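Okay, structure first, notes after.
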Amino acid sequence: SGQDEKDPAIVIWSTTTRQPLATLQGFHQRAVVSLSFDATGKYLASLGLDDEHSVAVYEWETRRMVANSKGDEYRVFNCEYNPYDGRLVTGGVKHIKFWVMEGAYLVGKSGVYGNMGSVSTI
């Protein structure tokens with residue numbers, strides 16, 4: 001779960017004991033708007049509500065942020081791991097971006113809309 005406050009925390013909960021397993025805090029500002037675990041369960045991606053819609057990836061069990069990046073100038077609503085290739089995808093207003101980790105950085109490439117239609121909210 002993600003909080004909505006000045007210094008929001010991300011809390012990972014046990015589904016069996018209903019107790020917190022880990023708390024991640026200190027990177028996002030204002031709110032955490034989206035969370036996604038990768039297919040292995042090792043990494044947790046988070047999306048913030050700051051002006052840059054920042055994206056972070058954590059090794060949540062060790063409580064360590066392993067990569068981060070600015071998201072986009074436009075509002076970004078969600079982040080989700082693709083279970084087939086492990087890439088992180090973010091979507092929002094005039095925004096779809098595909099991310100890969102390169103060291104401590106997240107490198108994003110914008111989706112190409114082509115001539116199929118106009119850019120819209122994802």
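Treat the numbers as computed from the prediction; the structure is a model and nothing was measured.
Side chain of R75 to backbone of V93: no donor-acceptor contact under 3.5 angstrom is found. Between the S34 side chain and the L47 main chain, no donor and acceptor come within less than 3.5 Å of each other. At least one donor-acceptor pair closer than 3.5 Å links the side chain of T62 to the backbone N or O of E59. The closest donor-acceptor contact from the side chain of W99 to the backbone of G71 lies at 3.5 Å or more, if one exists at all. Panel note: side chain D38, backbone Y43; a donor-acceptor pair is recorded below 3.5 Å. Although no hydrogens or angles enter the test, the distance criterion places a donor-acceptor pair under 3.5 Å between the side chain of D50 and the main chain of S54.
Looking at heavy atoms from C-beta onward, F98 lies out of side-chain contact with N82 at the 4.5 angstrom threshold. Side-chain contact check for L88 versus E80: every heavy-atom pair is 4.5 Å or farther apart.
Atom OG1 of T90 is separated from atom CD1 of I96 by 8.0 Å, given to the nearest 0.5 angstrom. Put simply, NZ on K109 and CZ on R87 are 10.0 Å apart, with the number rounded to the nearest 0.5 Å. Separating the CD atom in Q29 from the NZ atom in K6 is a distance of 8.5 Å, to the nearest 0.5 Å. One finds the NE2 atom of H95 at 7.0 Å from the OG atom of S110 (value rounded to the nearest 0.5 Å).
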Review point. Run the side-chain contact (heavy atoms from CB on, under 4.5 Å) check on L35 and Y58 step by step: do they pass?
Key: CA-CA 11 Å; L35 298 167; Y58 298 89; over 6 Å; no
Practice item. Would you check, one step at a time, whether the test side-chain contact (heavy atoms from CB on, under 4.5 Å) holds for V57 with L106? Key: CA-CA 8 Å; V57 174; L106 280 172; 3.9 Å; yes
Exercise for review: Could you give me the CA-CA distance, side-chain angles and deciding distance for W60 and L21, then say whether side-chain contact (heavy atoms from CB on, under 4.5 Å) is met?
Suggested key: CA-CA 9 Å; W60 69 269; L21 298 173; 3.9 Å; yes
Practice item. List the steps, then state whether side-chain contact (heavy atoms from CB on, under 4.5 Å) holds for Q25 with D7. Key: CA-CA 7 Å; Q25 194 166 13; D7 185 26; 3.5 Å; yes
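Of all the heavy atoms in L49 and R30, the pair that sits closest is O-NH1, 3.1 Å. C79 and A45 make their closest contact through SG-O, 3.9 Å (heavy atoms, listed as atom of the first residue, atom of the second, distance). Listed here is the closest heavy atom pair of P83 and A39: O-CB, 4.2 Å. Closest approach of A22 and R63 over heavy atoms only: CA-NH2, 3.5 Å.
V100 is not connected to V55 by any chain of hydrophobic side-chain contacts under 4.5 Å among Ile, Leu, Val, Met, Phe, Trp and Tyr, and they are in different clusters. Note on Y105 and M65: separate hydrophobic clusters, where clusters join Ile, Leu, Val, Met, Phe, Trp and Tyr whose side-chain heavy atoms are under 4.5 Å apart, directly or indirectly.
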